[in-house]
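Basis for what follows: all heavy atoms, side chains included, without hydrogens, waters or symmetry-related copies. Small disclaimer: the values here were computed from a predicted structure and weren't measured. Every chain is numbered from 1, with letters handed out A, B, ... down the list of sequences.
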Protein chains: 2
Amino acid sequence: MVDYQPASLDRTFAALADPTRRALLARLSDSDAVSVSDLAKPFAMSLPAIMKHLDVLKDAGLVTREKSGRIVSCRLRAEPMHEANEWLNRYQRFWTERLDQLEALLENDAWLPPSLQNQASPSSVDSRPRPRKSLPRGPIRKK
Amino acid sequence: MVDYQPASLDRTFAALADPTRRALLARLSDSDAVSVSDLAKPFAMSLPAIMKHLDVLKDAGLVTREKSGRIVSCRLRAEPMHEANEWLNRYQRFWTERLDQLEALLENDAWLPPSLQNQASPSSVDSRPRPRKSLPRGPIRKK
DNA sequence: CCTATACTTAACCAGATGGTTGACTATCAG
DNA sequence: CTGATAGTCAACCATCTGGTTAAGTATAGG
């Protein structure tokens with residue numbers, strides 16, 4: 001009954017919910033690989049605290065760590081973000097709703113399949129997968 | 001020091017990190033407005049537990065509640081997801097890049113046993129992010 | 001009025017989270 | 001070998017999270 005959602009999404013979103021961790025990811029997106037202490041430098045907290053954040057990011061699959069000598073290089077791994085992005089894109093039609101309505105008005109629904117034309121009621125928002133930048137593969141059925 | 005990240009992203013990602021809450025949002029994306037007890041019905045947990053989840057979603061701005069008589073209608077509000085989506089999209093080139101690299105590997109197959117190597121690689125290895133749709137996205141590693 | 005329904009609030013609890021300090025291991029440089 | 005550097009581990013602590021039960025409020029309906 002409740003649609004099953006993989007635990008990896010849990011860990012991904014939870015990892016992204018902390019500003020320190022998002023800043024770490026931002027830093028890793030600038031450089032190819034960064035050592036742990038270099039990563040920690042800009043922050044006001046202790047090194048073990050950063051380590052814990054890196055552990056969370058690693059458990060979420062968002063960073064990899066590779067030891068070479070005594071320095072440990074951290075690298076961004078963005079695939080889990082892709083999964084999160086696809087989950088979010090199922091809701092894209094809700095925030096692009098107004099834009100879609102405007103487009104539909106301007107373009108006179110020419111791009112819609114005939115079965116969906118002339119259904120401009122604002123309450124029935126469903127089944128308007130407008131191909132934008134990414135894939136909005138939302139549920140089609142209406143309750 | 002650290003680039004400032006708004007607290008609303010914290011709340012949005014944190015709200016999305018729970019499977020129950022994602023299921024609630026999925027339910028709300030099917031119907032225009034759903035009462036609290038209808039929302040709670042499919043779940044094995046108590047009503048106050050669902051209430052707490054709805055509070056979290058409300059604090060994140062992901063649902064609105066409107067009382068009418070003794071029933072409270074909940075509605076999806078997707079704007080915070082838009083913000084989260086835009087944050088994620090700043091990293092899109094990374095998963096696209098890596099997929100391109102993987103694809104280049106598969107086409108180049110220098111790592112394959114010679115019996116499985118076939119024709120040469122036509123695509124450039126380090127390409128800019130280009131829109132691709134056929135992704136062999138197998139399960140990301142689970143715990 | 002009386003009672004069932006719909007929701008809310010409060011108190012409590014176990015476990016996760018986010019930080020600390022201090023001690024410890026491993027490696028590089030002299 | 002010695003000492004500094006890079007990172008990890010362990011114990012501790014406060015707060016947050018996600019659930020419970022029990023009691024309370026408000027409205028709809030007979």
Side-chain angles (χ1 to χ4, degrees), chain A residues 1-2 4-5 7-25 27-28 31 33-75, chain B residues 1-2 4-5 7-25 27-28 31 33-75 142-143:
Chain A
M1 52 195 60
V2 180
Y4 183 62
Q5 314 245 35
S8 61
L9 264 187
D10 290 26
R11 284 192 293 267
T12 303
F13 280 129
L16 297 180
D18 186 281
T20 301
R21 289 193 288 265
R22 288 199 304 277
L24 288 171
L25 293 173
R27 176 76 197 290
L28 287 173
S31 318
V34 187
S35 73
V36 171
S37 28
D38 278 358
L39 273 176
K41 275 202 184 78
F43 295 93
M45 65 188 70
S46 66
L47 192 65
I50 296 293
M51 290 285 300
K52 288 194 184 181
H53 284 302
L54 287 175
D55 286 343
V56 172
L57 291 170
K58 191 181 119 193
D59 285 350
L62 286 164
V63 304
T64 59
R65 275 142 92 179
E66 190 183 344
K67 184 167 183 175
S68 155
R70 63 177 164 175
I71 80 147
V72 173
S73 292
C74 300
R75 227 172 268 268
Chain B
M1 183 183 289
V2 182
Y4 185 60
Q5 313 245 35
S8 62
L9 265 187
D10 290 26
R11 284 193 294 267
T12 304
F13 280 130
L16 297 180
D18 186 280
T20 301
R21 289 195 287 266
R22 288 198 304 276
L24 288 171
L25 292 173
R27 177 75 198 288
L28 286 173
S31 317
V34 187
S35 73
V36 170
S37 29
D38 279 357
L39 272 176
K41 273 201 185 79
F43 295 94
M45 65 189 70
S46 67
L47 191 66
I50 296 292
M51 289 287 300
K52 288 194 183 182
H53 284 301
L54 287 175
D55 286 343
V56 172
L57 290 171
K58 191 182 118 193
D59 285 349
L62 286 164
V63 304
T64 59
R65 276 142 92 178
E66 191 183 344
K67 184 167 182 175
S68 156
R70 63 176 166 176
I71 79 148
V72 173
S73 291
C74 300
R75 230 171 266 267
K142 294 179 97 138
K143 167 113 186 266

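- Look at CE on A/Met51: it is 16 Å from P on C/dT25, rounded to the nearest Å.
- Distance CD1 (A/Ile50) to C1' (D/dC9): 17 Å, rounded to an integer number of Å.
- In this structure, A/Leu39 CG and A/Thr20 OG1 are separated by 12.0 Å, a value rounded to the nearest 0.5 Å.
- The nearest whole Å value for the distance from the CG atom in A/Asp55 to the P atom in C/dG18 is 12 Å.
- Side-chain N/O atoms of A/Arg65 include one lying less than 4.0 angstrom from OP1 or OP2 on D/dT8.
- Nearest heavy atom pair, residue B/Phe13 against residue A/Ala17, reads CB-CA, 3.6 Å.
- Applying the side-chain hydrogen bond (donor to acceptor under 3.5 Å, both in side chains) rule to pairs touching residues 47-69 of chain B yields B/Arg21-B/His53, B/Asp55-B/Arg65, sequence neighbours excluded.
- A/Ile71 places its CD1 atom 12 Å from the C1' atom of C/dC28, with the value rounded to the nearest Å.
- Atoms OG and CG, on A/Ser73 and A/Asp38 in that order, are 9.5 Å from each other to the nearest 0.5 Å.
- Along DNA chain C, the nucleotide nearest B/Leu54 and the nucleotide nearest A/Arg70 are compared for position; the residue whose nucleotide lies closer to the 5' end is B/Leu54.
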Letter by letter from the 5' end, nucleotides 16-21 of chain D scores (B base, S sugar-phosphate only, - none; protein heavy atoms under 4.0 Å) --BBBB

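- Under the 3.5 Å distance criterion, the side-chain polar atoms of B/Arg22 are matched with a main-chain donor or acceptor of B/Leu16.
- Atom CE of B/Met45 sits about 5.0 Å away from atom CD1 of B/Ile50, to the nearest 0.5 Å.
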